[in-house]
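Written out below as structure tokens is the structure these notes cover.
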There are 2 protein chains.
Amino acid sequence: MDQVNLKRLAKELNLAVSTVSRALSDSYDISIETKEKVLSLAKKLNYHPNPYARSLRKRNSNTIAIVIPEIANNFFSLAIGGIEEIAQANGYHVLIYLTHENHQKEAAFIRHLMSGRVDGVLMSLSSETDDISHLHELKEYNIPIVFFDRICESINTVKVTTNDYESGYQATKHLIEKGCREIGYLAFSKNLSIDQKRMQGYMDALKDQNIPVNDDFIIHCGNNSEENYSKIKSLLLSERRPDGIFASVEVLAILLYEACKELSLRIPADVKVISFSNLRTASLLDPPLTTITQPAFEIGKQAATALFGALGKTASELRDRKIVLTSTLIERESTRQLTRDKG
Amino acid sequence: MDQVNLKRLAKELNLAVSTVSRALSDSYDISIETKEKVLSLAKKLNYHPNPYARSLRKRNSNTIAIVIPEIANNFFSLAIGGIEEIAQANGYHVLIYLTHENHQKEAAFIRHLMSGRVDGVLMSLSSETDDISHLHELKEYNIPIVFFDRICESINTVKVTTNDYESGYQATKHLIEKGCREIGYLAFSKNLSIDQKRMQGYMDALKDQNIPVNDDFIIHCGNNSEENYSKIKSLLLSERRPDGIFASVEVLAILLYEACKELSLRIPADVKVISFSNLRTASLLDPPLTTITQPAFEIGKQAATALFGALGKTASELRDRKIVLTSTLIERESTRQLTRDKG
DNA sequence: CTGTTAGCGCATTCAG
DNA sequence: CTGAATGCGCTAACAG
């Protein structure tokens, strides 16, 4: 089947290519009759404008990129859903790039995006990233970027997060109020400001209650799940085992649960747990997991909305600002006692 | 900053545009010296070829599309991860389109993709889709499509699934072996062949054990979570409550757990549950969920690999065939008794 | 080994 | 209201 393009339509209708083009874009100076003729033929021949020709000509792509560490993660899946919804509503296409927490890949993706493939970028930093020259370069190309969750503080743009410091403070305070005095913290990455803030909240909450910070209780995890698991086990097996643990990210809470199970430690009798998490099954866990839940979908939507707000504009409409959404502490009490009594 | 393109490089080096182009693509008939000159200037000026100009010229996009119902779903997240890995390895870009189980959206996306925006499509059908004319149209445009999981039987192409019939049979047999005689089935969509097959496995397993199929035990769920929840509750409250339930998809298992909790029904004492599921926390649920786990990541990889195998080729290399991966029945026994004894 | 020429399909100026 | 001409940035055929 021959390509059906403007030239083809024009020939069949004895019109100029430019006329057909304008008719299809509903230009005001085309007669209604020719518009109808053009449109009906276009529909009949199943005409689809070539997006790459259009992008080349118009110097925009109607496409954005999402650059994130991983996707098999409740937070990011939900956020992508929010982004995609806004993108769809704006007629935009969404490219997705997974860095797998790898700085090299992240830099390569970002550098590629300087080619003009996308009109804007939505990004969450990889945990490995400490050098951010690639991000500065992208800015020089005038490609707008909006950060969400794992933001980059030192780039001037819109950053969408939750109230990480306050949440960390609140989580720790929650454990203290539950009677914990020896509270562990499972850290995820020194590079990420979200983790720094959550940890700062943790430390300040301890200080405010005159509980000394014990560095042995702060476990620095990384991207190796096996290693994280054994570090967590070590913590649980240490002489002075914590009576409460705050996991800064969901995946560490899951490992913690697994480790407790392996070691036959009871949650919350032996150790109380709270975690940042968007687990849908948090209330069904054994025992239920008390979480700091982020409005992930909304974060995606806000980030995308901020980006699209800047796309049409002239200057960098993305003036440096933070959009801070509020996460929710959801306490989930075990119903097991209840069930057992009934059983 | 002025655009840096081939013309610019050519001018600065007093070369023809075509020479620069060939030097950059490492053509064999360019002298090493000019190649080096070109490459060093390109690097110095931070040259990035315009992907849309290239796509327009070369009539390919180095891009594929993933069209799926949703993303906040363990199966699809994992599958996307697999797809993305293969795409990255092949230097391809990945566009993502979420249909939200909506047939209209699905058809609109597919029709848009006839424009040539992508070189191929990876797809999982929306549960609403019964009319598949859009898929036939896409085929006419010679855009290869590979289905995974929620395949479309009547389109001739590669289809990647798990052994759904056998898994359904096995799951049901498992419940029977556990002593269940009144086994419910939570169906997800009449349109989807995976559900039909799982259900057929369920029915055949019952028949083989001379257990009559009770239509009241087959609950047809949809895309409305509230409704599904109340249907599940009705099942659990029915006079002749099932003693075992097979959930055909993960989300229904979660609802089932929640309903049991609300009704203070004990799993597995009152009702045993098995489900298709890729929940990472299956073993941490209360009680642990016995699952049929699909190799979701591998499914994504296989689907992508099949698609890329066809991209370079001349004719439709996607001859009609099925790739069937094997899902795993993972039985998870409650350890609660154990824990309680120790406590 | 390198330059010239000719489009890919589209949108947009400039003429009528 | 419509047509002719131009070029977005790139690749590829054809010369030399």
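Residue numbers begin at 1 in each chain, while the letters A, B, ... track the order of the sequences.
- Put simply, A:Tyr47 has a side-chain N or O that comes within less than 4.0 Å of OP1 or OP2 on C:dC10.
- In this structure, B:Leu13 places its CG atom 18 Å from P of C:dC1, rounding to the nearest Å.
- Distance CG (A:Leu6) to C1' (D:dT2): 15 Å, rounded to an integer number of Å.
- Listed nucleotides C:dG3, D:dC1, D:dA4 differ in distance to B:Leu15; the shortest reach to its side chain belongs to C:dG3.
- Regarding contacts with the backbone of D:dT2, a side-chain N or O of A:Ser31 is found under 4.0 angstrom from either OP1 or OP2.
- Side-chain N/O atoms of A:Thr19 include one lying less than 4.0 angstrom from OP1 or OP2 on D:dG3.
- Within the 4.0 angstrom heavy-atom criterion, no nucleotide atom of any strand lies near B:Ser25.
- No donor-acceptor contact under 3.5 angstrom links the side chains of A:Asn50 and A:Gln3, judged on distance only.
- Residues passing the side-chain contact (heavy atoms from CB on, under 4.5 Å) test with A:Lys7 are A:Asn5, A:Val17, sequence neighbours excluded.
- Between B:Arg59 and the phosphate of C:dG9, there is a side-chain N or O to OP1/OP2 separation shorter than 4.0 Å.
- Using cut-offs of 30° and 60° on the angle between ring planes, the pair B:His103 and B:His134 is perpendicular.
- At a threshold of 4.0 angstrom between heavy atoms, the contacts of A:Asn14 are confined to the sugar-phosphate backbone, with no base atom among them.
- To the nearest angstrom, C1' of D:dA12 lies 14 Å from CG of B:Asn60.
- Look at CG on B:Leu24: it is 15 Å from C1' on D:dA12, rounded to the nearest Å.
- In this structure, A:Ser55 reaches neither bases nor backbone, as no heavy-atom distance under 4.0 Å exists between it and the strands shown.
- Atom NZ of A:Lys11 and atom P of C:dG9 are 12 Å apart (whole Å).
- In this structure, B:Thr34 and A:Asn50 both approach DNA chain C, and ranking their closest nucleotides by distance from the 5' end singles out B:Thr34.
- For the pair A:Leu56 CG and D:dG9 C1', the interatomic distance rounds to 6 Å; values are reported in whole Å.
- Distances from the side chain of A:Ala53 to the nucleotides D:dG9, C:dG9, D:dC1 place C:dG9 closest.
- If you check every strand for non-hydrogen atoms under 4.0 Å, B:Val17 touches a base.
- Counting to the nearest Å, the P atom of C:dC1 and the NZ atom of B:Lys35 are 9 Å from each other.
- In this model, a donor atom of one side chain and an acceptor atom of the other lie less than 3.5 Å apart for A:Asp119 and A:Ser61.
- The shortest heavy-atom contact between B:Leu56 and A:Ala53 is CD1-CB, 3.7 Å.
- B:Ser18 contributes a side-chain N or O that forms a donor-acceptor pair with the base of C:dT4 under 3.5 Å.
- Taking only side-chain nitrogens and oxygens, A:Ser21 never comes nearer than 4.0 Å to OP1 or OP2 of C:dT12.
- For the OP1/OP2 pair of C:dT12 and a distance below 4.0 Å, the side-chain nitrogens and oxygens of A:Arg22 include no atom meeting the criterion.
- Spacing between atom CD of A:Glu36 and atom P of D:dC1 amounts to 13 Å, rounded to whole angstrom units.
- The side chain of B:Asn5 places an N or O atom within less than 4.0 Å of a non-bridging phosphate oxygen (OP1 or OP2) of D:dG9.
- Residues meeting the ring pair (Phe, Tyr, Trp, His ring centres under 6.0 Å) test with A:His100, sequence neighbours left out: none.
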